[in-house]
Q: 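First the structure, then my questions, so here it is.
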Protein chains: 2
Amino acid sequence: MLFTELPTPQVLVDRTRLLANLDRMQADADAHRVRLRPHAKTHKIPDVARWQMDRGAVGICCAKIGEAEVFADAGIEDIRLPYPVNPRNASRLLALMDRCRVSIIVDHPAVARGWSEVMRAAGRSLDVLIKVDVGSHRCGIDPAPPAGLSFVRLVSGLPGLRLRGLLSHAGHGYGAESERALAAVARDEAEMLRGLGDEARRDGISIEEISVGATPTARFSVAEPGVTELRPGTYAYFDRTQVAFGAARLDDCALTVLAMVVSKPTPDRIVLDCGSKTLTNDPPHGYDHPRGFGAVFANLDATSIAADLAIDRLSEEHAVVTVASGSTPLEPGDLVRVLPNHVCPVSNLVDCVRLIEGRQVMETMTVAARGKIA
Amino acid sequence: MLFTELPTPQVLVDRTRLLANLDRMQADADAHRVRLRPHAKTHKIPDVARWQMDRGAVGICCAKIGEAEVFADAGIEDIRLPYPVNPRNASRLLALMDRCRVSIIVDHPAVARGWSEVMRAAGRSLDVLIKVDVGSHRCGIDPAPPAGLSFVRLVSGLPGLRLRGLLSHAGHGYGAESERALAAVARDEAEMLRGLGDEARRDGISIEEISVGATPTARFSVAEPGVTELRPGTYAYFDRTQVAFGAARLDDCALTVLAMVVSKPTPDRIVLDCGSKTLTNDPPHGYDHPRGFGAVFANLDATSIAADLAIDRLSEEHAVVTVASGSTPLEPGDLVRVLPNHVCPVSNLVDCVRLIEGRQVMETMTVAARGKIA
């Protein structure tokens, strides 16, 4: 079947591009002797996780226990939750630990103590990493002395917890205004983690892992001394934001949305059937401040962007496209492909994606971990 | 079971509030002898649609054929798609017409002609309404003479199409800066539709229906002469935006998100486990320009808002809450309820919602039409 025969909108995943992305990130990690542990939130598909493992990934990351349960069911044996999982979820986490190797992060004394009590009571031991705030100011401890080391000491001394190392996510990299600024984010991140790690080691505390995430900074982080693990997610598919940060070229982007023109109220305005229920309202990021809710490709082969078309507004089922030049040959019934700003939440919206080669649909893949918010 | 025993996040729907909302809108429509045809996109749940029908709704609206298929399966007999469905979907629409009464909208000559050909070839007749752009500049024809009437004439003359009337959605009402401005949107909308309807009738064309949508304007539209049908959706649950437009009081809001505090990196910052995968990135709207990605309730009974807490940032699994006063008693493990900015896309993210009475979970309802984008 050709993808042009599918009802629209549809989420398409180009197999050649996807596998090349998986190969390239793994090769980069291998070349630097850094372990790759992809975040599965981008694809949420067990088969794709398996392809990542087959290439040398040491395990995967999931955001929530519900996601991890899906991948454990599918036989993935090493799952890290770089999320401050709360001890209220003790019974589910213990059950997950029966099925695969599990690690979580901690960034709060009461939570660390809570997990320690859970594990002691269960006669178990839980691998934990300390989440360090390297500048995104979301979760994580402040690594500065003396608070940083004091938290590391606390966790390392808690029975039932096995402190593996330090972990961060440089989410603030998405605010970088230049390649130089982005590289600095990665450098500073590694420096902060190394600093705290060295302090801890001088204190006699074992810090085996220094784990960093984020696709835009991955190419810089991989060469940073001390970094033992990369946790990028988006690199599997890439997206408009990653292209805007120089992390990918346009023809690396594996996930696209097939959409149809459904209305053309004026010569300079068309409406596509991919609204926020497909593209999400996630804004674009990047050095050049891209505009709109995705980019429309100039052709169905998804090799160049139609510079003339801007997705200016989304409602749930409509994408309102402004035609800068004032007119377009596109008419209702015509198909286009759209590059989302951010692919991870797009995966989360659909029950399946279509794996394609050229215009051929090879396979329908169920997004098995979709919607696992808890 | 109490909702406090559920894993978080969870989408809760308060049954008492929901049923009161359904009753009130139906009573208002009945009092004005206007037909109510709720948009089911808000809940996407067949049982809720049935409750709307039981109260007197003449049918429902769905956005896409995929949604309509779910409700037709559940026995809903009259479904309107106020969406410019394209004739490329002919086979699915014809199959749907075999199972329930279907109507769609048209706003483009080629699309109207396309449907006419489909219906002639199938020996069928399709109910259509003409979508009129009353100011939101998304889809719809310009009603101004001579183009407006000329399109009405075209459609009324096409074999296989049965022109039922005119239909609009005053989406631009969500930009109103005052109650007066919002009322003006509803008045202007009705005036435009009446104007075109009268022109058409003078031309001998039957215009039986004047159908308007949108929850914020519904209370004004219902009293407008000539309006025969209301198509609000959000009124079933209401949300933060509807409260900000005076369409609901806080304690009318039936859908809330139960979330847990998972991190407290500083005294003035907590992190909840409901990110954009639960709340969506939909911005708030309203006269007073509300800020943030939802409002945190001050208590688990969802009766007042914690004015001190602002959901300033979302990532997929994190809601970063700033504490204006500089400190909060909330600690990791504590539960809160959150009022989303916009409930419809929240329904679209979850496989089920929990119907509650007080803190008691009465029923788990499957969001059967979730994710039906095509």
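In this text the structure is predicted, and so the values were computed from the model without any measurement.
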Q: Testing the basics here: between B/Ser315 and A/Arg138, what is the closest heavy-atom pair and its distance to 0.1 Å?
A: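 Heavy-atom minimum between the residues: OG-NH1, 2.8 Å.
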Q: Which answer fits B/Val261, side chain, backbone, both or neither, if we ask what part of it has an atom under 4.5 Å from a heavy atom of chain A?
A: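 Backbone only.
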Q: Against chain A, label B/Asp351 side chain, backbone, both or neither, depending on which of its atoms sit under 4.5 Å from a heavy atom there.
A: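 Both backbone and side chain.
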Q: Using the test ring-ring contact (aromatic ring centres under 6.0 Å, His included), find all partners of B/Phe3 that sit at least two apart in sequence or belong to another chain.
A: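 Checked B/Phe3 against ring-ring contact (aromatic ring centres under 6.0 Å, His included); zero matches.
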Q: With a 4.5 Å cut-off on heavy-atom pairs, point out which of A/Gly371, A/Pro332, A/Cys274, A/Ala110 contacts chain B the most.
A: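 Most heavy-atom pairs under 4.5 Å with chain B: A/Pro332.
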Q: What distance do B/Asn281 atom CG and A/Asn341 atom CG have between them, rounded to the nearest 0.5 Å?
A: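 Result: 11.0 Å between the selected atoms.
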Q: Examine whether an atom of B/Asp273 lies under 4.5 Å from a heavy atom of chain A, and if so say whether it belongs to the side chain, the backbone or both; otherwise answer neither.
A: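 Backbone plus side chain of B/Asp273, per the 4.5 Å heavy-atom cut-off to chain A.
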Q: Measure distances from B/Val271 to the heavy atoms of chain A and classify the residue's part below 4.5 Å as side chain, backbone, both or neither.
A: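 Side chain only.
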Q: When rounded to the nearest 0.5 angstrom, what distance separates OG1 in A/Thr266 from NE2 in B/His137?
A: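 Rounded to the nearest 0.5 Å, the OG1-NE2 separation comes out at 9.5 Å.
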Q: Is A/Ile373 in contact with chain B via its backbone, its side chain, both, or neither, using a 4.5 Å heavy-atom distance?
A: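 For A/Ile373, the contact with chain B is made by backbone and side chain together.
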Q: Nearest heavy-atom pair of A/Arg88 and B/Gly333: which atoms, and what distance?
A: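 Closest pair (atom of A/Arg88, atom of B/Gly333, distance): NH1-O, 2.8 Å.
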Q: Do B/Glu316 and A/Asn348 have side chains that get closer than 4.5 Å, going by heavy atoms?
A: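 Side chain of B/Glu316 against side chain of A/Asn348, heavy atoms only: no contact under 4.5 Å found.
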Q: In terms of heavy-atom proximity below 4.5 Å to chain A, should B/Asp282 be classed as side chain, backbone, both, or neither?
A: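 B/Asp282 touches chain A through backbone and side-chain heavy atoms alike.
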Q: For B/Leu349, which atoms come within 4.5 Å of any heavy atom of chain A: side chain, backbone, both, or neither?
A: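 It is both, since atoms from each part get that close.
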Q: If you count heavy-atom pairs under 4.5 Å between each of B/Arg269, B/Lys41, B/Lys264 and chain A, which one has the most?
A: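 Greatest number of close heavy-atom pairs with chain A: B/Arg269.
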Q: Which distance, rounded to the nearest 0.5 Å, do you find between the CD of B/Glu317 and the SG of A/Cys344?
A: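 Interatomic distance, B/Glu317 CD to A/Cys344 SG, rounded to 0.5 Å: 10.5 Å.
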Q: Which one, A/Val111, A/Leu335, A/Val350, leads in non-hydrogen pairs under 4.5 Å with chain B?
A: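 Counting heavy-atom pairs under 4.5 Å, the top option is A/Leu335.
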Q: Tell me the closest heavy-atom pair linking A/Asn86 and B/Met260, and the distance in Å.
A: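 Heavy atoms of A/Asn86 and B/Met260 come nearest at CB-CE, 3.5 Å.
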Q: Does any backbone or side-chain atom of B/Thr8 lie under 4.5 Å from a heavy atom of chain A? Answer side chain, backbone, both or neither.
A: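 B/Thr8 touches chain A through backbone heavy atoms alone.
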Q: For B/Leu272 versus A/Tyr83, what's the shortest heavy-atom pair and its separation?
A: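 Smallest interatomic distance, heavy atoms only, reads O-OH, 4.0 Å.
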Q: Would you give the length of the straight line joining atom OG of B/Ser276 to atom NE2 of A/His342, rounded to the nearest 0.5 angstrom?
A: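 Going from OG on B/Ser276 over to NE2 on A/His342, the span is 7.5 Å.
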Q: Where does A/Glu67 contact chain B at under 4.5 Å (heavy atoms): side chain, backbone, both or neither?
A: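 Side chain only.
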Q: If you look at every heavy atom in A/Ser263 and B/Gly140, which pair is closest and at what distance?
A: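 Scanning both residues completely, I find the closest heavy atoms to be OG-N, 4.4 Å.
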Q: For chain B, which of A/Lys131, A/Arg313, A/Arg370 has the most heavy-atom pairs under 4.5 Å?
A: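 Top count of heavy-atom pairs under 4.5 Å with chain B: A/Arg370.
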Q: Select one option (side chain, backbone, both, neither) describing which atoms of B/Thr322 are under 4.5 Å from chain A's heavy atoms.
A: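 Neither part; nothing is under 4.5 Å.
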Q: With chain B as the partner, which of A/Asp133, A/Val262, A/Ile141 has the greatest number of non-hydrogen pairs under 4.5 Å?
A: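 Counting heavy-atom pairs under 4.5 Å, the top option is A/Val262.
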Q: Write down the atom of A/Pro265, the atom of B/Cys139, and the distance for their closest heavy-atom approach.
A: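 The answer is CG-CA, 4.0 Å.
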Q: Among A/Thr278, A/Leu314, A/Asn89, which residue has the highest count of heavy-atom pairs closer than 4.5 Å to chain B?
A: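 If we count pairs closer than 4.5 Å to chain B, A/Thr278 comes out on top.
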